[in-house]
Protein chains: 2
Amino acid sequence: MGRAENTRQRLQEEAIRLFFERGFDGVTVEEVAAAAGVSHMTFFRHFPTKESVVLDDPYDPILGEAVARQDPDLPALERIRRGVLDAWETVDDPGDAMTRQKIELAASHPSLRARVWENNRRTEEVLIRALTETGTPRFEATIAAGAVMGALTAALFDWAERRDDTLGGMVTSAMELLDAMGASR
Amino acid sequence: MGRAENTRQRLQEEAIRLFFERGFDGVTVEEVAAAAGVSHMTFFRHFPTKESVVLDDPYDPILGEAVARQDPDLPALERIRRGVLDAWETVDDPGDAMTRQKIELAASHPSLRARVWENNRRTEEVLIRALTETGTPRFEATIAAGAVMGALTAALFDWAERRDDTLGGMVTSAMELLDAMGASR
DNA sequence: TACGGGCATGTTAGTCACTAACATTCTTGA
DNA sequence: TCAAGAATGTTAGTGACTAACATGCCCGTA
C-alpha cells in the first residue's frame with residue numbers, strides 16, 4: 001500500500017469515527033484532517049467532498065454485468081431484480097462493521113442521503129445501458145431502473161433505522177416484495 | 001399579497017431567470033438578492049438554501065389523500081400508482097412554463113437533483129402513512145413508495161432532457177409502464 | 001393625526017466547505 | 001547518490017449560510 005493509499009484510509013477511518021461520535025455537522029474537515037495527521041488540502045485531494053469520505057462504494061460495474069447476464073426475454077423489472085440478487089451474492093461480505101457504519105451514517109444525515117441518490121443515478125445509468133443493449137426500450141428501462149433503485153434505497157434507509165434483519169436478508173425480502181407487488185392484476 | 005409574499009416571488013422569478021441565463025453555479029445568492037432589490041439575508045429568510053428557491057412544490061398532501069382514497073384491497077404498489085394518477089388530475093395545470101423551467105433546472109444540476117430526492121423522502125413518508133393506516137405492512141409500504149417515487153423521478157429527469165411528450169403524458173405512461181412490468185409472472 | 005408595536009429588511013462579522021497557485025518534502029528508480 | 005515525480009503543505013481566496021443587532025415600514029388605535 002503506497003503512501004497515498006495509506007493516507008486515504010486513515011482519513012476515512014478517522015472521519016467515520018468522528019462523525020459517529022459527534023455527528024456529521026459536528027466535525028469539520030479540518031478536524032478530520034488533523035486527526036489523520038494531514039492538512040485539509042490533502043483531505044480534498046483524496047475525497048472531492050466531505051460527504052464522499054463516507055460514500056465511496058463502487059458496486060456499479062458488478063450490478064451492470066449481473067443484469068446484462070439475465071434472460072433477455074424476461075421483463076425489464078424482473079431482469080434488474082434478479083440482477084440485484086445475483087450481484088449481492090458476488091460481493092464479498094458487505095455485512096462488515098465498516099459498511100454498516102457507513103450506511104447508518106448515510107441514512108442519518110440529509111446531505112449524505114442526498115449524495116446516496118446522486119450515486120444511484122450513476123447506477124441507474126449502468127442498469128439502463130445493460131437493458132437497452134439487449135433490446136429493452138429506453139423509457140421502459142429508465143422506469144424499471146428507477147423503480148428498483150428507489151425500492152432498494154428506501155429499504156436500505158429503513159433498515160438503517162431499525163436493523164431488525166441482516167443487510168442481505170433485507171435486500172432479498174425487498175426484492176421479493178417488489179416481485180409480489182405486481183402479481184395481483 | 002403582503003410585502004413578504006411579494007419579495008419572495010420576486011426572488012424566485014429573478015433566481016430562475018438568472019439560473020437559466022448563466023447556470024446554477026454561475027449565479028451567486030448575492031446576485032439573485034441584488035436583482036430582486038434586497039440583501040442576501042432577506043433571500044435566506046425566504047428560502048433556507050440556494051436550491052430551495054427552485055424546489056418549493058408542496059404536492060405531498062394532495063398525493064397522500066389521493067392514495068388514501070384508493071381501494072384498500074388493492075396491492076400497495078397499485079394503490080400508489082392510481083393515487084399518483086388521481087392526484088395529477090387534481091393539480092391545477094402543472095404544465096405551465098414556470099414549472100417546466102423548474103424541472104429543467106432541477107434535472108440539470110447535481111445539487112438540485114439531490115434536493116429533489118430529499119423532497120421525495122417527505123413524499124414517501126406521506127405515502128407510507130396513507131398505506132399503513134389502511135392495513136398495509138410497514139416494510140411493504142416502504143418498498144412500494146420507494147419504487148413509485150423512484151420510477152416517477154427517473155421519468156421526470158428523463159423527460160427534462162428529451163421533452164418529447166407533455167408532462168402529464170409522461171407521468172401517465174410512466175405509471176402504465178410500471179403497471180405492465182409486474183404483469184409477466 | 002400622531003404613535004407605538006410588530007414585521008420585514010439591512011448591516012456586520014463571522015464559520016466552514018471548497019479551490020487555485022505555489023512552495024516544500026518525501027520516495028523511488030537510474 | 002541524485003534527480004524527477006508524487007504527495008503534501010501554505011496561503012489566500014470565494015461563496016453559502018448563520019447570529020446578533022440595528023433600522024425602516026405598515027398597521028390599528030387613541
### Task
Keeping the roles fixed (side chain from B:E31, backbone from B:T28), state whether a donor-acceptor pair exists under 3.5 Å.
yes

### Task
Answer yes or no: is there a donor N or O on one side and an acceptor on the other, between the side chain of B:K50 and the main chain of B:F24, under 3.5 Å?
yes

### Query
With respect to the phosphate group of D:dT8, does any side-chain polar atom (N or O) of A:H46 fall under 4.0 Å of OP1 or OP2?
yes

### Task
In plain terms, say whether A:R162 and A:D158 are close enough for a salt bridge, that is, a side-chain N and a carboxylate O under 4.0 Å apart.
yes

### Query
Roughly, in whole Å, what's the span from CG in A:L11 to P in D:dT8?
8 Å

### Task
Let me know the distance between CZ of B:F47 and C1' of C:dT9, rounded to the nearest Å.
15 Å

#### Entry: Contact state string [nucleotides 13-25 of chain C, B base, S sugar-phosphate only, - no protein heavy atom under 4.0 Å]
---SSBBBB----

### Query
Would you say a side-chain N or O of B:S39 is under 4.0 Å from OP1 or OP2 of C:dG10?
yes

### Task
Kindly say whether A:V53 contributes a backbone atom to a donor-acceptor pair with the side chain of A:Q12 at under 3.5 angstrom?
yes

### Message
Under a 3.5 Å distance rule, please check whether B:R163 uses its side chain to pair with a backbone N or O of B:A160 as donor and acceptor.
### Response
yes

### Query
Any sub-3.5 Å donor-acceptor pair from B:E118's side-chain atoms to B:A114's backbone N or O?
no

